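Predicted, not measured: the structure shown is a model, and the values here were computed from it. Letters A, B, ... are given to chains in the order of the sequence lines, protein chains preceding strands, and every chain is numbered from 1.
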There are 2 protein chains.
Amino acid sequence: MSCDAEHDQLVADVFARACTSRGVLEHVTGRWGTLALAALAEGPFRFNALRRKVDGVSEKMLAQTLQALERDGFVHREAEPTIPPRVEYSLTPLGAEVAGRLRELIELVEGRVPEVEAARRAYDEAKSAVAR
Amino acid sequence: MSCDAEHDQLVADVFARACTSRGVLEHVTGRWGTLALAALAEGPFRFNALRRKVDGVSEKMLAQTLQALERDGFVHREAEPTIPPRVEYSLTPLGAEVAGRLRELIELVEGRVPEVEAARRAYDEAKSAVAR
DNA sequence: CAGAATCCGCAGCGATACTG
DNA sequence: CAGTATCGCTGCGGATTCTG
């Protein structure tokens, strides 16, 4: 699973694919990528509207995230060359598919939060018991 | 979607849940979390076996990742108190569910890598065209 | 309004060495 | 073998400023 290019040529592209998908996955599942995708799943948004929806994100990170997602073909960027500029972001069909899968994962995790919290308590208790 | 505790008490736990799930999601989807979960989906492994499977991970990060996943209740850790120590990691039922969803997402993304790469090329080309 | 550019701090990572 | 401890450094991410 290494990304170093010290492999036979035949397996090189296999690793390239694996590494590409890893990179893409990090865009998608990264802190802001998840939130941006989730927000856009509700419909198209303009930059600052998105910024308000994904509360806590800085301008820089939102721009960075959107660019990465646009480059990967998950997000469509529609700019009207007016003054003031008006730019709308929306999901591409591919983006919508990914957002859907992501949503399933998120909903599974969110539904299990109580179990996770119980597991956390049990774990922490066991730890502190050992400490004593 | 803020995590700052400056909200009414009624909505506080809603945010707490949202933030908890965000944290959990970052454990799961983070660079090493993904790989660890994917590796464990194939079966139980001992520490160093896992380390070899998830090639490129440092001892420290693997230990850290596994602890986070264990604390969240996704991974079970079975230690035999022998010398030398023998520790086996495996997925809990909950972990298996999450790994499954994760796998669906990964496979979707991997299957679409060609499209992503095409989108990247188109994007980069458009960029450099503007530069000229 | 939508971004690009710049500066900077510090969390987090990796490498290394050590322990039970 | 399965970790913990320590340290140096990189790079992520926030704040700020500037442009079209």
> Closer to the 5' end of DNA chain C via nearest nucleotide, is it Arg52(A) or Ala63(A)?
Replying inline: Arg52(A)
> How large an angle, rounded to 10°, do the end axes of the helix from dC1(C)-dG20(D) to dG20(C)-dC1(D) enclose when each is built from five base pairs?
Replying inline: 40°
Describe the nucleic acid contact of [X] in one word from base, sugar-phosphate, nothing, applying a heavy-atom distance below 4.0 Å.
X	result
Glu88(B)	nothing
Arg77(B)	sugar-phosphate
Gln67(B)	sugar-phosphate

> Going from NE2 on His76(B) to CG on Leu91(B), what distance comes out if it is rounded to the nearest 0.5 angstrom?
Replying inline: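 If I round to the nearest 0.5 Å, the distance is 11.5 Å.
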Just by distance, do the side chain of [X] and the backbone of [Y] share a donor-acceptor pair under 3.5 Å?
X	Y	result
Arg51(A)	Val57(A)	yes
Thr65(B)	Trp32(B)	no
Thr92(A)	Phe74(A)	yes

Could you tell me whether the phosphate oxygens of [N], OP1 or OP2, come under 4.0 Å of any side-chain nitrogen or oxygen in [X]?
X	N	result
Gln64(B)	dC13(C)	yes
Arg86(B)	dG3(D)	no
Arg46(B)	dC1(D)	no
Tyr89(A)	dG3(C)	yes

Length of the [atom1]-[atom2] vector between [X] and [N], whole Å:
X	N	atom1	atom2	answer
Leu50(A)	dC1(C)	CG	C1'	14 Å
Met61(A)	dG11(D)	CE	P	15 Å
Glu26(A)	dG13(D)	CD	P	11 Å
Leu62(B)	dA15(C)	CG	C1'	16 Å
Arg51(A)	dA15(D)	CZ	C1'	11 Å
Arg31(B)	dC12(D)	CZ	P	11 Å
Glu80(B)	dG3(D)	CD	C1'	16 Å
Ile83(B)	dT19(C)	CD1	C1'	12 Å

> If you take all heavy atoms of Pro85(B) and Arg46(B), which pair is closest and at what distance?
Replying inline: O-NH2, 4.1 Å
> Ala39(A) and Val54(A): which non-hydrogen atoms are nearest, and at how many Å?
Replying inline: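 Looking at all heavy atoms of both residues, the shortest contact is CB-CG2, 4.1 Å.
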>> Going by side-chain contact (heavy atoms from CB on, under 4.5 Å), Leu108(A) matches just one of Val28(B), Leu94(B), Val98(B). Which one?
In response: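 So, applying the side-chain contact (heavy atoms from CB on, under 4.5 Å) to Leu108(A) and each of Val28(B), Leu94(B), Val98(B), only Val98(B) qualifies.
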> Glu59(A) side chain: which of dG20(D), dG3(C), dG14(D) is closest?
Replying inline: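 Nucleotide nearest to Glu59(A)'s side chain: dG3(C).
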> Looking at dG3(D), dC13(C), dA2(C), which one has an atom nearest to any side-chain atom of Lys60(B)?
Replying inline: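 Selected nucleotide: dC13(C).
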>> If the threshold is 4.0 Å, N to carboxylate O, is there a salt bridge linking Glu117(B) and Arg120(B)?
In response: no
